[in-house]
Undergrad: 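Sharing a structure here in structure tokens format.
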Amino acid sequence: MPEGHTIHRLALTLERAFGGTRPEVSSPQGRFADGAALLDGRLLERAEAWGKHLFLTFEGDRILHIHLGLIGIFDVTQYASPTSPQPLPPPVGAVRVRLASATHVADLRGAMIVDLITPEQQDAVLTRLGPDPLRAGTDGNEPERALAVMARTGRTFAEVLMDQSVLAGVGNLYRCEVLFRHRVDPFRPAKQIRPQTFHTVWDDLVDLLSIGVAFGQIITMDDQLDQAREIIAGQGEQASDAYRSGRLTLVDWRGADEAELGQRRPAYEEGSAFPREFYVYQRDGQACYTCGSRIRTQVLAGRNLFWCGRCQRRR
DNA sequence: GTTTAATGGGTAT
DNA sequence: TACCCCTTAAACT
């Protein structure tokens, strides 16, 4: 499930659930037992996402570095409320890390990276990342940085789009869909992409990923995006401003009382889901919605690329 | 019951 | 390019 939007949403959810508290940290499966013991009962200062990397900073500069990889999942649930305490639900399956408070529990399974690191090690991870569309408008996240790399690589645009050192947070699904949305040939050399085209793609990614964070799912089709934007516009000025600035993830919910949260909380939390539908992703052999020709697929650098050979020719 | 695929990515060859 | 790691659920036999 994880592209950048998943991780940014997780950071927001974890901050709301555990930020400023001292969660119990354990490793029911046992593979993170030592790290869990070091973090248990420590103050969780903040949770942050950079591209697909998640960092939970505990007091004393103890940083829990998590990367979900392809199959990782971090479930955060509220199992009790302050007025109605409930027993903590037992872990199910291979839970490598569990955070638990009197009201919330978060279970991490299948992650590729689970490490306790120092601020210096965190910096080393961050310097290897390209600009993150979900941090657009902040230092170091300018699309020009990606353009500079593109100008001196021999690789195709589709390869470069998923390279985390060029762009942080974009995965295979957003890649396929954004290429189709702008009718760009995936195999076009990155250096041949016009800067104006790339800026349009970048702006679109800022929009798409932000909506992905807001709704907790990848939405790429125009009719669904229109509905999504309408729902966001109905959330009031604060959510709307944050969305327009491309930083819906960075809204700080801490300190808000329940009434305020009710007003600011996006509709998605009440569970409005869009049908899972895409322009090209996993539609190989089916008719392109625009031109009717068959959607094609090919393994590119180990991942399944999907595109429309007619709509995405030579651009 | 066994195999496969999944929105990742590092390391060896 | 190949192989490895992580875990689960759906699709096979």
Side-chain angles (χ1 to χ4, degrees), chain A residues 1-11 27-33 35-36 49-55 64-75 91-98 106-115 117 121 124-130 132-134 154-156 158-181 186 204-205 208-221 224 249 273-285 295 297-307:
Chain A
M1 326 270 243
E3 291 189 32
H5 70 297
T6 303
I7 315 305
H8 280 264
R9 183 178 162 101
L10 254 178
S27 178
Q29 170 220 45
R31 295 188 45 186
F32 189 65
W50 296 81
K52 297 173 190 170
H53 295 260
L54 177 66
F55 301 98
L64 179 57
H65 176 209
I66 293 169
H67 192 299
L68 294 181
L70 183 59
I71 59 177
I73 188 161
F74 207 169
D75 278 329
V92 174
V95 176
R96 186 130 36 117
V97 182
R98 163 170 272 204
D107 285 335
L108 175 66
R109 301 179 182 81
M112 181 176 69
I113 296 175
V114 182
D115 271 335
I117 63 171
Q121 290 172 304
V125 172
L126 297 185
T127 55
R128 281 189 267 111
L129 295 180
D132 180 347
L134 284 171
R155 292 181 297 161
T156 64
E159 286 175 288
V160 159
L161 266 183
M162 266 193 40
D163 182 337
Q164 301 300 296
S165 69
V166 180
L167 274 186
V170 177
N172 194 31
L173 209 160
Y174 275 120
R175 165 178 80 163
C176 295
E177 292 290 297
V178 85
L179 284 167
F180 177 84
R181 284 174 58 78
D204 200 28
L205 285 170
L208 293 174
L209 284 159
S210 298
I211 288 175
V213 173
F215 289 85
Q217 69 177 110
I218 297 179
I219 301 169
T220 63
M221 295 182 70
Q224 293 189 343
T249 52
F274 286 91
R276 187 185 148 87
E277 208 179 350
F278 307 110
Y279 286 118
V280 291
Y281 182 70
Q282 285 189 334
R283 294 198 64 242
D284 51 309
I295 300 300
T297 186
Q298 179 182 318
V299 174
L300 185 68
R303 315 305 307 279
N304 292 318
L305 176 75
F306 301 88
W307 82 104

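Order of the sequence lines fixes the chain letters, A, B, ..., with proteins taken first and strands second; residue numbering starts at 1 for each chain. We use all heavy atoms of the structure for the numbers below, so side chains are in, but hydrogens, waters and symmetry mates are not.
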Undergrad: Does the distance from a Lys or Arg side-chain N to an Asp or Glu carboxylate O, for Asp163(A) and Arg155(A), drop under 4.0 Å?
TA: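 Here Asp163(A) pairs with Arg155(A) in a salt bridge, since their nearest N and O are under 4.0 Å apart.
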Undergrad: Would the Phe215(A) and His5(A) ring centres measure less than 6.0 Å apart?
TA: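 No - the distance between ring centres of Phe215(A) and His5(A) does not fall below the 6.0 Å cut-off.
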Undergrad: Side-chain N or O of Gln282(A) versus OP1/OP2 of dA5(B): is the shortest distance under 4.0 Å?
TA: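 So the side chain of Gln282(A) is outside the cut-off, no N or O lying under 4.0 Å from OP1 or OP2 of dA5(B).
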Undergrad: Could you measure between the two C1' atoms, the one in dG1(B) and the one in dC6(C), and give it in whole Å?
TA: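 That atom pair is separated by 23 Å.
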Undergrad: Restricting to salt bridge (Lys or Arg N to Asp or Glu O under 4.0 Å), what partner residues turn up for Arg109(A), sequence neighbours left out?
TA: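 Listed in chain order: Asp75(A).
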Undergrad: Can you tell me if the side-chain N/O atoms of His67(A) get under 4.0 Å from OP1 or OP2 in dG9(B)?
TA: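 Yes, because at least one side-chain N or O of His67(A) sits under 4.0 Å from OP1 or OP2 of dG9(B).
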Undergrad: Could you tell me from which nucleotide to which nucleotide of DNA chain C, 5' to 3', there is an atom under 4.0 Å from chain A heavy atoms?
TA: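 Contact boundaries, 5' end first: dC6(C) to dT8(C).
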Undergrad: Any side-chain N or O of Asn172(A) less than 4.0 Å from the OP1 or OP2 oxygen of dA6(B)?
TA: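 No, Asn172(A) has no side-chain N/O under 4.0 Å of OP1/OP2 on dA6(B).
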Undergrad: Can you measure Met112(A) atom CE to dA6(B) atom P for me and round it to whole angstrom units?
TA: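 From Met112(A) CE to dA6(B) P: 18 Å.
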Undergrad: Expressed as a whole number of Å, how far does the P atom of dG9(B) sit from that of dA9(C)?
TA: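 It comes out at 23 Å once rounded to the nearest Å.
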Undergrad: Do the side-chain N or O atoms of Gln164(A) get closer than 4.0 angstrom to the phosphate oxygens (OP1, OP2) of dG9(B)?
TA: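 Yes.
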Undergrad: Are Leu305(A) and Cys176(A) packed together at the side-chain level, in the sense that at least one heavy-atom pair is separated by less than 4.5 angstrom?
TA: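 Yes; the side chains approach each other to less than 4.5 Å.
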